> 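Quick one: this structure, given as structure tokens, is what I'll be asking you about.
Quick caveat: nothing in here was measured; it's all calculated off a predicted structure. As the structure lists them, so they are numbered: ligands from 1, and atoms in each ligand from 1.
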Amino acid sequence: MDWPAQVTVREVGPRDGLQAEARILSTEEKVRLIDALTEAGFGRIEVTSFVHPGAVPQLADAEAVLARIRRRPGVIYSALVPNRRGAERALACGVDEISLFVSASETHNRHNVRRSIAESLAGFVPVAELAAAAGVRLSGYVVTAFGCPYEGDVPEEQVERIVGAYRDLGVAAVYLGDTTGMANPAQVDRLCRLLKQRFPDLELGLHFHNTRGAALANVVAGLQAGITVYDGAVGGLGGCPYAPGATGNVATEDLVHMLHEMGIATGVDLDRLLAAARLAQELMGRELPGFVLKAGKRSDLVRSVQARQAAREAEG
Ligand SMILES: CC(=O)SCCNC(=O)CCNC(=O)[C@H](O)C(C)(C)COP(=O)(O)OP(=O)(O)OC[C@H]1O[C@@H](n2cnc3c(N)ncnc32)[C@H](O)[C@@H]1OP(=O)(O)O
């Protein structure tokens with residue numbers, strides 16, 4: 001297998017990660033976290049969402065967050081947008097990318113945005129027009145693309161239909177979301193190959209939650225199918241307030257660590273990312289699920305084992 005030389009890792013912790021966390025961070029705390037992620041070298045960061053403030057109270061300060069973060073030139077700071085009202089708010093803040101979202105299953109979409117899939121898609125038309133007029137990048141998530149907590153299996157044709165609708169809207173990228181960690185590597189391989197064949201000119205990205213521990217295995221399946229864009233949430237923050245049993249995205253530092261060990265470049269500074277993960281843990285006031293956060297980098301292993309050994313010898 002020829003692995004790609006480089007992949008794009010999108011940091012979505014400040015949006016997907018925070019939206020389901022019980023502890024509401026202050027605007028200042030969010031800005032500190034996003035600035036630390038910018039320092040880590042990400043080219044793309046999803047910073048917030050412009051949804052109804054009552055639906056996701058954690059992100060009700062989207063405008064203030066965007067106004068205060070230190071934006072590094074060239075970095076794409078994106079926000080999730082459900083409708084025209086959200087697009088108007090996002091554009092007023094000068095976002096670099098608007099990410100639309102619709103579920104591949106009717107039931108989840110109704111729970112999430114109180115609309116049918118067809119109604120969501122129809123509502124995206126004016127958003128696409130606004131984004132195009134403003135010259136802002138447009139992308140779209142397919143939520144529950146690999147399975148739905150309410151409906152179970154999601155037919156591949158349904159995902160294909162939504163990707164086609166996004167393509168017709170003129171999006172630059174489509175991100176396939178495994179919202180509740182239901183994907184397996186064989187399924188990822190099959191769906192990605194199918195979509196790449198059907199939509200060869202569209203950028204496809206993968207967004208895995210690690211609910212059942214399969215996220216990194218699914219990333220490898222995606223790499224084998226030729227996908228080069230992956231989402232992660234710092235520390236493994238995350239979930240979905242409208243999906244029972246949802247937990248965090250794959251921890252970005254685990255993803256970046258694995259990719260670097262495989263010889264795949266990401267442009268991300270892993271040490272700075274780990275510092276951001278420790279900050280996220282401190283801000284949330286709880287242990288986050290990321291593995292490398294606890295175990296350290298592979299390259300640090302021998303050093304830390306030797307240090308422990310020396311400490312034991314000094315004690316004894
Ligand atoms: C898998 C994932 O992680 S997806 C992300 C997690 N899920 C979410 O973020 C869900 C977000 N959902 C929502 O924000 C809501 O369900 C909506 C906005 C999509 C739909 O809610 P509805 O109540 O049906 O909206 P509706 O269009 O009827 O408008 C109701 C009111 O909300 C306001 N509103 C609608 N959209 C927005 C918005 N994007 N931002 C702020 N206010 C809004 C309207 O202006 C209206 O206000 P008014 O009563 O003062 O006139």
> Go through ligand 1 atom by atom and flag the ones less than 4.0 Å from a non-hydrogen atom of V143.
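In order of number, 1 (C).
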
> Considering non-hydrogen atoms only, spot the tightest contact between P185 and A221 and give its length.
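Here P185 and A221 meet closest at O-CB, 3.4 Å.
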
> Mind checking whether N112 contacts ligand 1 via backbone (N, CA, C, O), side chain (CB onward), both or neither, at a 4.0 Å heavy-atom cut-off?
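Answer for N112: both.
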
> Under 4.0 Å, heavy-atom basis, I'd like to know which part of N83 is in contact with ligand 1: side chain, backbone, both or neither.
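Only the side chain of N83 comes within reach of ligand 1.
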
> Does ligand 1 have any atom sitting under 4.0 Å from a heavy atom of Q58?
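Contact absent.
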
> Looking only at distances, please establish whether an N/O atom of ligand 1 is found under 3.5 Å from an N/O atom of T179.
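Not met; the criterion fails.
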
> Under 4.0 Å, heavy-atom basis, I'd like to know which part of S49 is in contact with ligand 1: side chain, backbone, both or neither.
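None of S49 does.
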
> Is a donor from one side chain sitting under 3.5 angstrom from an acceptor on the other, for S139 and S99?
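Checked: S139/S99 side chains pair up, N/O donor to acceptor below 3.5 Å.
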
> Cluster question for you: counting only ILVMFWY and a side-chain heavy-atom cut-off of under 4.5 Å, with indirect links fine, are V188 and L216 together?
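Yes; tracing contacts between hydrophobic side chains, which count when under 4.5 Å, links both residues.
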
> Of E119, Q19, R85, which has the heavy atom at the shortest distance from atom 38 (C) of ligand 1?
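Among E119, Q19, R85, the closest heavy atom to atom 38 (C) of ligand 1 comes from R85.
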
> Counting only heavy atoms closer than 4.0 Å, does ligand 1 sit against the backbone of F101, its side chain, both, or neither?
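Side chain only.
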
> Under a 4.0 Å heavy-atom limit, does H52 contact ligand 1 with its side chain, its backbone, both, or neither?
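H52 to ligand 1: contacts from backbone and side chain alike.
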
> Flag this pair as yes if the NZ/CZ of R10 is under 6.0 angstrom from the six-membered ring centre of F42 and inside a 45 degree cone about the axis; otherwise no.
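Because its charged atom misses either the 6.0 Å distance or the 45° angle limit, R10 does not stack over F42.
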
> Using non-hydrogen atoms of the residue, decide whether A20 is closer than 4.0 angstrom to ligand 1.
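So A20 does not count as touching ligand 1.
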
> If the cut-off is 4.0 Å to any non-hydrogen atom of G86, which atoms of ligand 1 fall inside it?
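Ligand 1 atoms under the 4.0 Å threshold to G86: 39 (N).
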
> Under 4.0 Å between a Lys/Arg side-chain N and an Asp/Glu carboxylate O for K297 and D271?
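D271 and K297: salt-bridged.
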
> Would you please say whether a donor-acceptor pair under 3.5 Å links the side chains of H260 and T266?
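The criterion, which ignores hydrogens and geometry beyond distance, is satisfied for T266 and H260.
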
> Could you establish whether R84 and ligand 1 come within less than 4.0 Å of each other, counting only heavy atoms on the residue side?
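No, R84 has no heavy atom closer than 4.0 Å to ligand 1.
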
> Quick check with a 6.0 Å cut-off and a 45 degree axis cone: is R161 positioned over the face of Y166's six-membered ring?
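Output no; distance or angle outside limits.
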
> Please work out whether any backbone atom (N, CA, C, O) or any side-chain heavy atom from C-beta onward of H209 is under 4.0 Å from ligand 1, and answer side chain, backbone, both or neither.
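Near ligand 1, H209 shows nothing, with every heavy atom at 4.0 Å or more.
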
> Below 4.0 angstrom from a heavy atom of R114, which ligand 1 atoms are there? Numbered from 1 as shown, please.
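What qualifies from ligand 1 is 21 (O), 22 (P), 23 (O), 24 (O).
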
> Under 3.5 Å, side chain of Q281 to main-chain N/O of L288, donor-acceptor pair present?
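It does hold such a pair.
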
> List every atom of ligand 1 that sits less than 4.0 Å from any heavy atom of L80, numbering the atoms from 1 in the order shown and giving each element.
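Reading through ligand 1 atom by atom, the close ones are 5 (C).
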
> Give the numbers and elements of all ligand 1 atoms closer than 4.0 Å to a heavy atom of A55.
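Near A55, the atoms of ligand 1 are 11 (C), 12 (N), 13 (C), 14 (O).
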
> For ligand 1, indicate whether the residue V56 contacts it via side chain, backbone, both or neither (heavy-atom separation under 4.0 Å).
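For V56, the contact with ligand 1 is made by the side chain alone.
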
> Mind checking whether V81 contacts ligand 1 via backbone (N, CA, C, O), side chain (CB onward), both or neither, at a 4.0 Å heavy-atom cut-off?
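For V81, no heavy atom sits under 4.0 Å from ligand 1.
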
> Counting only heavy atoms not in R70, do more than 12 sit closer than 6.0 Å to its CZ atom?
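Atom CZ in R70 is not packed in, count stays at 12 or less.
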
> Answer yes if V75 and I98 sit in the same cluster of Ile, Leu, Val, Met, Phe, Trp and Tyr residues linked by side chain heavy atoms under 4.5 Å apart, and no otherwise.
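Yes; I98 is reachable from V75 via cluster members.
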
> Any chance the side chains of T211 and T247 put a donor and an acceptor closer than 3.5 Å?
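Yes, side-chain donor-acceptor contact under 3.5 Å.
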
> Test side-chain hydrogen bond (donor to acceptor under 3.5 Å, both in side chains) on N112 and S103 and set out the steps.
CA-CA 8 Å; N112 204 25; S103 307; 4.5 Å; no

> Under 4.0 Å from a heavy atom of P53: which atoms of ligand 1 are those, numbered in the order shown and with their elements?
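Listed by number with element: 41 (C).
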
> Below 4.0 angstrom from a heavy atom of R115, which ligand 1 atoms are there? Numbered from 1 as shown, please.
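Counting from 1, the qualifying ligand atoms are 20 (C), 24 (O), 25 (O), 26 (P), 27 (O).
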
